[in-house]
Amino acid sequence: TEEQALLVKKLIADEGLKSGIIKRRSSWVVYLKDADEISRFLALLGASRSVLRYEDIRVQKTVKSSVLRQMNMDKANLSRSVESCVKQIEDILLIDEEIGLKRLPKALREIAEARLNNQALTLEELGQTLNPPISKSAVNHRMRRIAQKADSLRNKYKREQ
């Protein structure tokens with residue numbers, strides 16, 4: 001009954017736990033939401049095996065959730081890297097076709113040729129292929145300059161049409 005549910009809720013509150021009450025069909029239900037409080041409640045009842053099983057399930061869910069989150073993050077990072085690499089290659093090929101890579105400054109020509117020859121490498125790895133090696137930041141800066149050059153060629157081409 002509702003009266004019994006209120007009594008159970010009060011008893012649970014006396015133990016420092018926060019519970020709620022809801023009516024389902026013809027019965028009243030007292031419930032706990034917080035996982036830590038559920039564990040404490042089971043321990044208060046002396047259900048130590050249930051506490052251990054419950055905590056095991058919580059740990060498994062936490063680990064699974066963490067692993068899935070990491071996998072999703074890695075997948076998103078990989079997708080961004082692939083998209084970025086494809087764009088870089090498109091920019092380099094456009095420059096090569098329109099003006100030729102030989103017309104680029106030496107630093108940009110080196111990184112452009114390195115990207116064409118090492119399409120699967122990260123920016124950091126790409127920088128290490130140069131002699132002398134350069135940092136990821138330097139590679140990124142050079143790639144931005146290549147992108148700007150490609151964009152200016154695209155804009156020039158659009159204006160001519």
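Being a predicted model, the structure only gives us computed values, none of them experimental. Hydrogens, waters and symmetry mates are skipped; everything else that's a heavy atom, side chains included, is used.
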- Item | Minimum side-chain heavy-atom gap E124-V139 below 4.5 Å | no
- Message: Run R154 and L94 through side-chain contact (heavy atoms from CB on, under 4.5 Å) and show every step you take.
- Response: CA-CA 9 Å; R154 283 185 190 99; L94 174 72; 3.6 Å; yes
- Note on the structure: Test side-chain contact (heavy atoms from CB on, under 4.5 Å), reference L121, set N118, L123, N117, output is N118
- Sequence-distant partners of D56, salt bridge (Lys or Arg N to Asp or Glu O under 4.0 Å), two or more places apart: none
- Item | Single-linkage hydrophobic cluster I111~V86, side-chain heavy atoms < 4.5 angstrom | no
- Taking the side chain as C-beta and beyond, is there a heavy-atom pair between L93 and E97 under 4.5 Å? no
- Item | Short side-chain donor-acceptor distance under 3.5 Å, N77 and R80 | yes
- Task: Share the residues that join L42 in a hydrophobic cluster, the rule being Ile, Leu, Val, Met, Phe, Trp or Tyr side chains under 4.5 Å apart at the heavy-atom level.
- Result: L6, V8, I12, L17, I21, W28, V30, L32, I38, F41, L44, L45, V51, Y54
- How long is the span from the OG atom in S50 to the CD atom in E55, to the nearest 0.5 Å? 11.5 Å
- Measure the shortest side-chain to side-chain distance between I134 and R142 over non-hydrogen atoms and say whether it is less than 4.5 angstrom. yes
- State, with a plain yes or no, whether a side-chain heavy atom of K64 is found less than 4.5 Å away from one of L68. yes
- Closest approach of R40 and G16, non-hydrogen atoms and distance? NH1-O, 3.9 Å
- From Q88 CD over to Q119 CD, what is the distance, rounded to the nearest 0.5 angstrom? 10.5 Å
- Item | Gap separating the OH atom of Y31 from the NZ atom of K18, nearest 0.5 angstrom | 8.5 Å
- Item | Side-chain donor/acceptor of R115 to backbone N/O of L126, under 3.5 Å | no
- Give, for atom CG of L52 and atom CD1 of I57, the distance between the pair rounded to the nearest 0.5 Å. 11.5 Å
- Query: Are any side-chain N or O atoms of S66 and backbone N or O atoms of T62, one a donor and one an acceptor, separated by less than 3.5 Å?
  - Reply: no
- Query: Taking atom CG of D151 and atom CZ of R144, what is their separation to the nearest 0.5 Å?
  - Reply: 13.0 Å
- Item | 4.5 Å side-chain heavy-atom contact, E2 and K23 | no
- 4.5 Å side-chain heavy-atom contact, D14 and K10: yes
- Message: Assess the residue pair D36 and R58 against the criterion (salt bridge (Lys or Arg N to Asp or Glu O under 4.0 Å)); give the C-alpha distance rounded to whole Å, side-chain angles, the decisive distance to 0.1 Å, and a yes or no.
- Response: CA-CA 10 Å; D36 289 332; R58 279 180 63 192; 2.8 Å; yes
- Task: First locate atom CD of Q148, then atom CD1 of I146, and finally report the distance between them rounded to the nearest 0.5 Å.
- Result: 10.5 Å
- Step by step, work out the side-chain contact (heavy atoms from CB on, under 4.5 Å) result for K149 and L108. CA-CA 10 Å; K149 182 68 174 168; L108 297 185; 6.0 Å; no
- Flag side-chain contact, heavy atom, 4.5 Å: L101 against L116: yes
- Message: Checking the side chain of S39 only, and the main-chain atoms of A35 only, is there a donor and an acceptor separated by less than 3.5 Å?
- Response: no
- Task: Let me see the working for K87 and E83 under salt bridge (Lys or Arg N to Asp or Glu O under 4.0 Å), right down to the final yes or no.
- Result: CA-CA 6 Å; K87 171 82 167 79; E83 289 171 18; over 6 Å; no
- Query: Do R145 and H141 have side-chain heavy atoms sitting under 4.5 Å apart?
  - Reply: yes
